[in-house]
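Order of the sequence lines sets the chain letters (A, B, ...), proteins ahead of strands, with each chain counted from 1. In this text, all values refer to a predicted model and were calculated from it rather than measured experimentally.
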2 protein chains.
Amino acid sequence: MKELSEGLRQEGYRFTRQRRIILEEVRKQQYHPSAKEIYDAVKIRLPNISLGTVYRGLGVLTELGLIRKVEHGEYARFDANLAEHHHLICTDCDQLLDVDAPLSEPLNTQQFKARGFEVQRYKIELYGLCPTCATERS
Amino acid sequence: MKELSEGLRQEGYRFTRQRRIILEEVRKQQYHPSAKEIYDAVKIRLPNISLGTVYRGLGVLTELGLIRKVEHGEYARFDANLAEHHHLICTDCDQLLDVDAPLSEPLNTQQFKARGFEVQRYKIELYGLCPTCATERS
DNA sequence: GCCCTATTGGTAATAATTCCTATTACTGAT
DNA sequence: ATCAGTAATAGGAATTATTACCAATAGGGC
Ligand SMILES: [Mn+2]
Ligand SMILES: [Mn+2]
Ligand SMILES: [Zn+2]
Ligand SMILES: [Zn+2]
């Protein structure tokens with residue numbers, strides 16, 4: 001939690017019990033919890049916490065780079081897995097899964113320079129069958 | 001418009017004035033209009049059209065593959081440009097722009113097979129500076 | 001402990017999208 | 001062209017994720 005308290009201080013934020021527990025609960029989740037799901041988990045430990053505080057907390061945690069915000073579908077999801085990885089949305093079961101590996105050949109962002117674009121980063125979303133659904137198909 | 005009337009019929013949908021004009025107006029837009037912007041444009045020609053009809057129309061047009069739905073940020077945008085292209089979100093001016101070219105090296109989707117994923121398609125979002133903002137920086 | 005002020009809890013507001021229903025209007029058959 | 005069956009529409013209400021507001025609270029530097 002040192003990275004949290006120091007990260008917060010560095011930006012003039014305060015280290016609150018709420019923010020600490022929000023981070024702990026996001027890290028506990030294997031998958032990609034929504035704000036509401038994190039709220040429900042935190043509420044067990046802090047029964048009086050409000051949904052707004054969770055949204056605000058997730059915002060600063062994202063800003064500090066301690067979690068990732070994954071925008072897909074009708075609501076945002078959050079990800080404590082900071083390793084470089086992409087996401088696959090299963091066209092069969094609709095799950096959002098980690099593809100735990102960077103690209104075998106990283107995207108060449110220089111190719112866009114000829115068109116005047118200065119690409120800083122990119123996001124890849126894969127669509128297809130997750131391992132479970134792929135197996136069921138065969 | 002033949003592709004529209006036949007496409008609709010093929011799926012058991014009806015060819016309505018509203019759907020025809022919605023498609024025409026999406027095609028008129030250079031950039032990536034929101035449902036509301038399309039509604040405003042269509043409303044000039046069909047003053048009584050309702051927003052719900054525009055949403056429904058955009059839905060079937062997307063389903064028929066006559067337009068693309070671009071989900072990014074707080075609202076969906078629509079795209080009549082069916083050529084294979086990616087999008088760049090400018091980190092300076094926040095615009096969503098076409099990068100009118102496929103990748104010089106298409107993503108090798110087979111590399112994910114080893115992990116059990118059956119990738120059918122993928123979407124790449126680029127973040128960086130658009131040509132205008134890139135020029136202003138130098 | 002004291003003070004300053006960032007943060008919180010509770011609640012209202014916002015806004016994109018979907019849902020509901022009586023009425024309208026495509027479309028295939030007569 | 002008329003008709004009947006039903007998909008689609010207009011208009012409005014409902015839903016829902018997220019943000020805004022504000023009086024009360026609590027970090028943290030002294
Ligand atoms: Mn992930
Ligand atoms: Mn485009
Ligand atoms: Zn699946
Ligand atoms: Zn720009």
Side-chain angles (χ1 to χ4, degrees), chain A residues 1-2 4-23 25-26 32-64 66-67 69-78 96, chain B residues 1-2 4-23 25-26 32-64 66-67 69-78 96:
Chain A
M1 280 299 137
K2 180 166 285 185
L4 174 58
S5 64
E6 287 177 2
L8 287 167
R9 197 153 321 170
Q10 211 136 50
E11 303 292 324
Y13 293 126
R14 288 178 183 174
F15 180 59
T16 66
R17 182 166 55 260
Q18 288 87 339
R19 286 172 178 167
R20 175 173 56 77
I21 294 181
I22 289 168
L23 178 55
E25 292 301 324
V26 177
H32 302 91
S34 66
K36 180 61 169 34
E37 287 169 332
I38 297 157
Y39 169 67
D40 288 336
V42 172
K43 210 172 167 58
I44 294 170
R45 299 172 60 186
L46 295 177
N48 290 327
I49 198 165
S50 78
L51 187 53
T53 298
V54 173
Y55 270 102
R56 256 175 319 207
L58 292 169
V60 307
L61 294 177
T62 303
E63 195 183 324
L64 297 180
L66 295 172
I67 62 175
K69 186 176 183 178
V70 183
E71 308 199 40
H72 173 264
E74 52 217 314
Y75 49 85
R77 298 155 169 286
F78 296 85
L96 174 72
Chain B
M1 280 298 138
K2 181 166 283 186
L4 174 57
S5 64
E6 288 178 1
L8 287 168
R9 196 152 323 169
Q10 211 135 51
E11 302 293 324
Y13 293 125
R14 288 178 182 175
F15 180 58
T16 65
R17 182 165 52 262
Q18 288 87 338
R19 286 171 179 168
R20 175 173 56 76
I21 294 182
I22 289 168
L23 178 54
E25 292 301 324
V26 177
H32 302 91
S34 65
K36 180 62 168 34
E37 288 169 331
I38 296 158
Y39 169 67
D40 288 336
V42 172
K43 209 173 168 59
I44 293 170
R45 300 172 61 186
L46 296 176
N48 289 329
I49 197 165
S50 76
L51 188 52
T53 297
V54 173
Y55 270 102
R56 249 175 292 132
L58 292 169
V60 307
L61 294 177
T62 303
E63 195 183 324
L64 297 181
L66 295 171
I67 62 176
K69 186 175 184 179
V70 184
E71 307 197 43
H72 172 264
E74 52 217 314
Y75 49 83
R77 299 157 168 285
F78 296 86
L96 175 72

Would you mind reading off the distance between [X] atom [atom1] and [N] atom [atom2], rounded to a whole angstrom?
{"X": "B/I38", "N": "C/dA16", "atom1": "CD1", "atom2": "P", "answer": "13 Å"}
{"X": "B/Y39", "N": "C/dA16", "atom1": "OH", "atom2": "C1'", "answer": "14 Å"}
{"X": "A/M1", "N": "D/dG27", "atom1": "CE", "atom2": "P", "answer": "16 Å"}
{"X": "B/F78", "N": "C/dA16", "atom1": "CZ", "atom2": "P", "answer": "13 Å"}
{"X": "B/I22", "N": "D/dT9", "atom1": "CD1", "atom2": "C1'", "answer": "11 Å"}
{"X": "A/Y13", "N": "C/dA6", "atom1": "OH", "atom2": "P", "answer": "11 Å"}
{"X": "B/K36", "N": "C/dT18", "atom1": "NZ", "atom2": "C1'", "answer": "17 Å"}
{"X": "B/L51", "N": "D/dT9", "atom1": "CG", "atom2": "P", "answer": "13 Å"}

Which nucleotide sits closest to the side chain of B/Y75: C/dG10, C/dT17, C/dG28? C/dT17
Between C/dT27, C/dT8, D/dA17, which nucleotide has the shortest distance from any of its atoms to the side chain of A/T53? C/dT8
For A/L64 and A/G7, work out which heavy atoms get closest and say how close. CD2-O, 3.6 Å
Decide yes or no on side-chain contact (heavy atoms from CB on, under 4.5 Å) for A/F78 and A/H32, but give the supporting numbers first. CA-CA 5 Å; A/F78 296 85; A/H32 302 91; over 6 Å; no
B/R77 or B/R9: which one's nearest nucleotide on DNA chain C is closer to the 5' end? B/R77
Does B/A76 or A/L46 map to a spot on DNA chain C nearer the 5' end, using the closest nucleotide for each? A/L46
Between [X] and [N], is there a contact of a side-chain N or O with OP1 or OP2 at under 4.0 Å?
{"X": "B/Q18", "N": "D/dA10", "answer": "yes"}
{"X": "A/R19", "N": "D/dG27", "answer": "no"}
{"X": "B/T16", "N": "D/dT9", "answer": "yes"}
{"X": "A/S50", "N": "C/dT8", "answer": "no"}
{"X": "A/R17", "N": "D/dG27", "answer": "yes"}

Go through A/S5 and A/L8 one step at a time and tell me if the side-chain contact (heavy atoms from CB on, under 4.5 Å) criterion holds. CA-CA 5 Å; A/S5 64; A/L8 287 167; 5.7 Å; no
Need one value for [X]: base, sugar-phosphate or nothing, where a base atom within 4.0 Å counts as base even if backbone is also close, heavy atoms only.
{"X": "B/I49", "value": "sugar-phosphate"}
{"X": "A/R56", "value": "base"}
{"X": "A/Y55", "value": "base"}

State whether the distance check finds a donor on one side and an acceptor on the other, under 3.5 Å, for side chain A/R14 versus base C/dT5. yes
Tell me whether B/R45 is salt-bridged to B/E25, with the criterion being a basic N under 4.0 Å from an acidic carboxylate O. yes
Taking for B/G12 and for B/V54 the nucleotide of DNA chain D with the nearest heavy atom, the one nearer the 5' end belongs to B/G12
Exam field: side chain A/R19 to backbone A/G57, donor-acceptor pair closer than 3.5 Å: no
Let me know which of A/R9, A/Q10, A/E11 forms a side chain to side chain contact (heavy atoms under 4.5 Å, CB included) with A/Y13. A/E11
